[in-house]
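Proteins come first, then strands; the chains are lettered A, B, ... in the order of their sequence lines, and each starts at number 1.
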Amino acid sequence: MCPHLRQHETGRNDADEPDHQAPRLAPEQDSGHHNENDRQRQRRLARQRKVAPDATHQQERRPDREAVAFLLADLRQQASGTAQKRHTIPFDGLRPCAIRAPHGHLRLPLTHHATRISAFMSSPVVTRFAPSPTGFLHIGGARTALFNWAYAKHTGGKMLLRIEDTDRERSTDAAVTAILDGLRWLGLNWDGEAVSQFARAGRHRDVAQELIKRGKAYFCYCTPEELEAMRAKAEAEKRQIRYDGTWRDRDPATAPAGVNPVIRFRAPQEGETVINDHAQGRVVIPNKDLDDLIILRSDGNPTYNLSVVVDDHDMGVTHIIRGVDHLTNAARQTQIYLAMGWDVPSMTHVPLIHGPDGAKLSKRHGALGVEAYREMGYLPAALRNYLARLGWSHGDDEIFSTGQLVEWFELDGIGKSASRFDFAKLENLNGHYIRHTPDAELLAHWLAVLPYIEGGSDRLSQIDEQMKGKLLKALPGLKERAKTLKELNASAAYLFAQRPLPLDEKARQILADGGTQALAGVLPVLKAATNWSAHDLEAAVKVHAEAAGLKLGKLAQPLRAALTGTSTSPGIFDVLEVLGREESLARIADQASA
RNA sequence: GCGCCCUUCGUCUAUCGGUUAGGACGGCAGCCUUUCACGUUGCAAAGACGGGUUCGACUCCCGUAGGGCGCGCCA
């Protein structure tokens, strides 16, 4: 092995090789992996097992020589100028965008031996997040975006954003806005402008025509009614529900008049389609189970599977990371790539997130837009951390920064089984993040979320610079006790309360059980304090407690009731200090004389 | 129905053919303590089932059961 190549290879991430099927050297022989630690070694071995069960087989089928020929053809195609062509795409709601087409990068076929030619494969990773704007950004989509983002960052590549809005009936601008907002809130920035898939319909139509020219697609004149009948019949006969191929080989000259045809992909009927998936391993789908899907509707608009392939190709996407619900689509899309002679991107289908009951996420559970999580008072960093641990792991690491996530995020850390959404764990994590966020930063998060939570606007209007100072001062005590920003906000109520304070049930009880008298006892002590600081007040009150033969709790609880109107709060001496001498004494006096 | 996939404590997961199967959340009990928290100590808690392969299986293979996803002129 040439030292130059080895150096190149060890310096990069295995997972971004398109050639994830290539056989690897046995560990003992693999001098390129000298310096790895145990963990890296384990992972590498796992990876080998996962995606290369019969790599030898593959290699036989496509020797290196063929791969090189492929590569050269690619190079020629680039040189011929096609790579320089640019499409400008206008879009309502999003800004225009230029996409390099069709080969912005250079990739190799999936099945050759990578180690020999890896010098050619320095193409950067390009991932994409491709939501359809038919609703908000739900939690599963958010995680998909997170994974795409993390992987792009990890590899120094790019994450593109494409809005899959070819369904004109269901796509809405409001949804586009919600999705972009959600991504921004989560801190998942994308590279370049968001691309409208619908705006590229012309290009998709061209490819459909090209497919016809290549004999890989055909016109189908079946009406929706006929298809419905076909489906009903198949169901009645307990056969598989698929298109029966009526027009696959029929002469278009025999087409009925007045029917706008659709274009169907001429899918291979024999053999099997293989998806080499980084999470799922090698998935084999029998071609007989994949029918001739419609790629262009009778109204001339493209359908999803065509658009995705064309866009991913044109946008230079090297790595597709999406939910497993797209696995069968991956097979169909693979067939389209192959029919066009395009390289199939690396694919990773991540397991789904279920509700706490194991069933599909419902609105009750977690199928909420990410904005709902903002409203519930979760910190973006906490949500990122939580989401990262759903379906992905890095050993036993539970709490890690986004920077660490980026550093650690490898595709082979992704699992295969579905996970359940667990609010309790999210809460716990969120509490951790709240406690560990510096006060000033936390205050900014708090203020920023106020417009989104109940009663938050009123409170916001009461916050001036002076109040901000108080909040900041109270924050160390408050944040220790809050799991969400909402709780944090609620626990700060005593700072905003006007005298006379409303008392809750427990507070009333405390005062009734001798609290009033206790207050009358400490009041003079506090009044006499020369320095209104938590430290000095605590000392003074302790002296008083000892003198009076009282446990500190017997004084602290009544003080808490009087000062906050509740039975729980931060340390009572901190409360006294933050509230200030005048307000504190007044509140205590209110209750002591009552 | 057909195809594909999954199955380790209640939940998220580690394990990668040899471990007393580890961690985290949640639960329970103790400690700390001015309340509530935080923190801390400890406890309970798992390889779906049945066959194989192997000296040895949670790990590999087959089957069963359960679950998920897909099967649109939706994405």
Asks: Just call it for A:Cys222: base, sugar-phosphate, or nothing, with non-hydrogen atoms closer than 4.0 Å on any strand.
Replies: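 Since a base atom lies under 4.0 Å of A:Cys222, the category is base.
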Asks: If we take the C1' atom in both B:rC58 and B:rU54, what is their distance in whole Å?
Replies: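 Pairwise C1' distance, B:rC58 against B:rU54, rounds to 15 Å.
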Asks: Both conditions, 6.0 Å and 45 degrees, for the charged tip of A:Arg143 above the ring of A:Phe147: are they met here?
Replies: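 Checked: cation-pi criterion met.
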Asks: Starting at the 5' end of nucleotides 22-32 of chain B, put B wherever the base has a protein heavy atom under 4.0 Å, S where only the sugar-phosphate does, and a dash everywhere else.
Replies: BBBSS------
Asks: Would you indicate which nucleotide in B:rG3, B:rU34, B:rC5 comes nearest to any side-chain atom of A:Ile285?
Replies: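 So the side chain of A:Ile285 is nearest to B:rG3.
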Asks: Take atom P in B:rA65 and the same atom in B:rG72, then report the distance between them in whole Å.
Replies: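 Their P atoms lie roughly 26 Å apart.
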Asks: For A:Glu398 and A:Lys425: C-alpha separation, side-chain torsions, deciding distance, then whether salt bridge (charged side-chain N to carboxylate O under 4.0 Å, His left out) applies.
Replies: CA-CA 11 Å; A:Glu398 293 287 347; A:Lys425 191 157 181 179; 3.3 Å; yes
Asks: Side chains of A:Asp167 and A:Tyr304: do they bring a donor and an acceptor to under 3.5 Å?
Replies: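 No, no side-chain donor-acceptor contact under 3.5 Å.
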Asks: Can you tell me the base-pairing partner of B:rU34? Count Watson-Crick or G-U wobble geometry only, both distances below 3.5 Å, and say none if there is no partner.
Replies: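 Result: none.
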Asks: Do A:Tyr373 and A:Ile139 touch side chain to side chain, with heavy atoms closer than 4.5 Å?
Replies: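 SC-SC contact between A:Tyr373 and A:Ile139 confirmed.
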Asks: For A:Gly431, answer base if it contacts any base atom (sugar-phosphate contacts may also be present), sugar-phosphate if it contacts only those atoms, and nothing otherwise; contact means non-hydrogen atoms under 4.0 Å.
Replies: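 Nothing: the residue A:Gly431, judged by heavy atoms under 4.0 Å, touches no strand.
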Asks: Are side-chain heavy atoms of A:Phe129 and A:Leu137 found at a separation under 4.5 Å?
Replies: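 Sidechains of A:Leu137 and A:Phe129: in contact.
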Asks: Say you pick atom P in B:rG30 and the same atom in B:rU20; how far apart are they, in whole Å?
Replies: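 To the nearest whole Å, 33 Å.
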Asks: Do other residues, nucleotides or ligands put more than 12 heavy atoms under 6.0 Å from the CD atom of A:Glu546?
Replies: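 12 or below, so no.
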Asks: Please encode protein proximity along nucleotides 63-71 of chain B as a string of B, S and -, counting only heavy-atom distances under 4.0 Å.
Replies: -----SSSS
Asks: Would you mind classifying the nucleic acid contact of A:Glu480 as base, sugar-phosphate or nothing, using non-hydrogen atoms under 4.0 angstrom?
Replies: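 Base contact.
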Asks: Answer yes or no: does a side-chain N or O of A:Thr166 lie under 4.0 Å from OP1 or OP2 of B:rA75?
Replies: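 For B:rA75, OP1 or OP2 has a side-chain N or O of A:Thr166 closer than 4.0 Å.
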Asks: Contact class for A:Pro570 (heavy atom, under 4.0 Å): base, sugar-phosphate, or nothing?
Replies: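 If one applies the 4.0 Å heavy-atom cut-off, A:Pro570 turns out to touch a base.
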Asks: May I ask which nucleotide in the shown strands pairs with B:rU8, Watson-Crick or G-U wobble, both distances under 3.5 Å?
Replies: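 Pairing partner, where one exists within any strand: none, as none qualifies.
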Asks: So A:Phe573, base contact, sugar-phosphate only, or nothing? Heavy-atom distance under 4.0 Å.
Replies: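 Base contact.
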Asks: Roughly how many Å apart are B:rC71 and B:rA48, using the P atom of each and rounding to a whole number?
Replies: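 Result for the P pair: 30 Å, nearest Å.
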Asks: Touch check for A:Ser567, heavy atoms < 4.0 angstrom, all strands: base, sugar-phosphate only, or nothing?
Replies: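 Contact class for A:Ser567: base.
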Asks: From the options B:rA75, B:rC36, B:rC38, select the nucleotide whose nearest atom is closest to the side chain of A:Gln197.
Replies: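 Looking only at heavy atoms from C-beta outward on A:Gln197, the closest nucleotide is B:rA75.
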Asks: Have a look at A:Thr568 and say if it touches a base, only the backbone sugar-phosphate, or nothing, with a 4.0 Å heavy-atom cut-off.
Replies: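 Answer is base: heavy atoms of A:Thr568 come under 4.0 Å of a base.
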Asks: Do any side-chain nitrogens or oxygens of A:Ser569 fall under 4.0 Å of OP1 or OP2 in B:rU35?
Replies: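 No.
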Asks: Does A:Arg231 make a side-chain N or O approach to OP1 or OP2 of B:rC73 shorter than 4.0 Å?
Replies: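 Answer is yes, contact under 4.0 Å.
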Asks: Please give the distance between the P atoms of B:rA45 and B:rU7 as a whole number of Å.
Replies: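 That atom pair is separated by 24 Å.
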Asks: Heavy-atom nearest nucleotide on RNA chain B for A:Pro224 versus A:Pro286: which residue maps closer to 5'?
Replies: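 Closer to the 5' end of RNA chain B: A:Pro286.
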Asks: Could you please name the partner base of B:rG3, counting Watson-Crick and G-U wobble pairs only when both distances are under 3.5 Å?
Replies: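 Answer to the pairing question: B:rC69, which forms a Watson-Crick or G-U pair with B:rG3.
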Asks: Could I get a table of every N or O pair under 3.5 Å where one atom is in the protein and the other is in nucleotides 39-42 of chain B?
Replies:
from	atom 1	to	atom 2	distance (Å)
B:rG39	OP1	A:Arg435	NH1	3.4

Asks: Provide the full list of side-chain hydrogen bond (donor to acceptor under 3.5 Å, both in side chains) pairs with a residue in residues 475-484 of chain A, sequence neighbours left out, each pair given once.
Replies: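 Qualifying pairs: A:Asp439-A:Lys479.
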Asks: What nucleic acid atoms does A:Ser419 come within less than 4.0 Å of, heavy atoms only: base, sugar-phosphate, or nothing?
Replies: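 Touches sugar-phosphate only.
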Asks: Provide the Watson-Crick or G-U wobble partner of B:rC43, both distances under 3.5 Å; none if there is no partner.
Replies: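 Paired with B:rG27.
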Asks: For the residue pair A:Thr566 and A:Asp504, confirm or rule out a side-chain donor-acceptor distance under 3.5 Å.
Replies: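 Result is no, nothing qualifies.
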Asks: Grab the two heavy atoms, one from A:Ala534 and one from A:Asp574, that are nearest each other, plus how far apart they are.
Replies: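 Scanning both residues completely, I find the closest heavy atoms to be CB-OD1, 3.6 Å.
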Asks: Nearest-nucleotide wise, let me know which of A:Asn260 and A:Trp392 is further upstream toward the 5' end of RNA chain B.
Replies: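 Upstream on the strand: A:Trp392.
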Asks: Just by distance, with hydrogens left out, do A:Asp311 and A:His204 show a side-chain donor and acceptor under 3.5 Å apart?
Replies: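 Indeed, the side chains of A:Asp311 and A:His204 share at least one donor-acceptor pair under 3.5 Å.
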Asks: With sugar-phosphate meaning primed atoms plus P, OP1 and OP2, does A:Val284 contact a base, only sugar-phosphate, or nothing at under 4.0 Å between heavy atoms?
Replies: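 Touches sugar-phosphate only.
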Asks: Just jot down the salt bridge (charged side-chain N to carboxylate O under 4.0 Å, His left out) partners of A:Arg508, sequence neighbours excluded, or say none.
Replies: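 Here the qualifying residues are A:Glu505.
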Asks: For the C1' atoms, the ones on B:rG70 and on B:rA75, what distance do you get once it is rounded to whole angstrom?
Replies: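 About 13 Å, rounded to a whole number of Å.
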Asks: In whole Å, measure the gap between the P atoms of B:rG42 and B:rC5 for me.
Replies: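 Taking atom P in both B:rG42 and B:rC5, they lie 44 Å apart.
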Asks: Using the C1' atom in both, what is the distance from B:rA57 to B:rU8, to the nearest Å?
Replies: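 Here B:rA57 and B:rU8 have their C1' atoms 14 Å from each other.
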Asks: Can you identify which nucleotide, out of B:rC12, B:rU34, B:rC73, has its nearest atom closest to the A:Leu390 side chain?
Replies: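 The closest nucleotide is B:rC12.
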Asks: Quick one: list whatever passes side chain to side chain contact (heavy atoms under 4.5 Å, CB included) with A:Leu293, sequence neighbours left out.
Replies: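 Testing A:Leu293 for side chain to side chain contact (heavy atoms under 4.5 Å, CB included), a comparison that skips the adjacent residues, returns A:Phe265, A:Ile295, A:Asn305, A:Arg332.
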Asks: Give a yes/no verdict on a cation-pi contact between A:Arg264 and A:Tyr243, requiring under 6.0 Å between NZ or CZ and the six-membered ring centre and an angle within 45° of the axis.
Replies: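 Positive - A:Arg264 is close enough to the ring of A:Tyr243 and near enough to its axis.
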Asks: Can you tell me the pairing partner of B:rU15 across any strand shown, Watson-Crick or G-U wobble, with both distances under 3.5 angstrom?
Replies: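 Because no pair has both required distances under 3.5 Å, B:rU15 counts as unpaired.
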Asks: Identify the two heavy atoms, one from A:Ala529 and one from A:Leu537, that lie closest to each other, and give their separation to 0.1 Å.
Replies: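 Smallest interatomic distance, heavy atoms only, reads CB-CD2, 3.7 Å.
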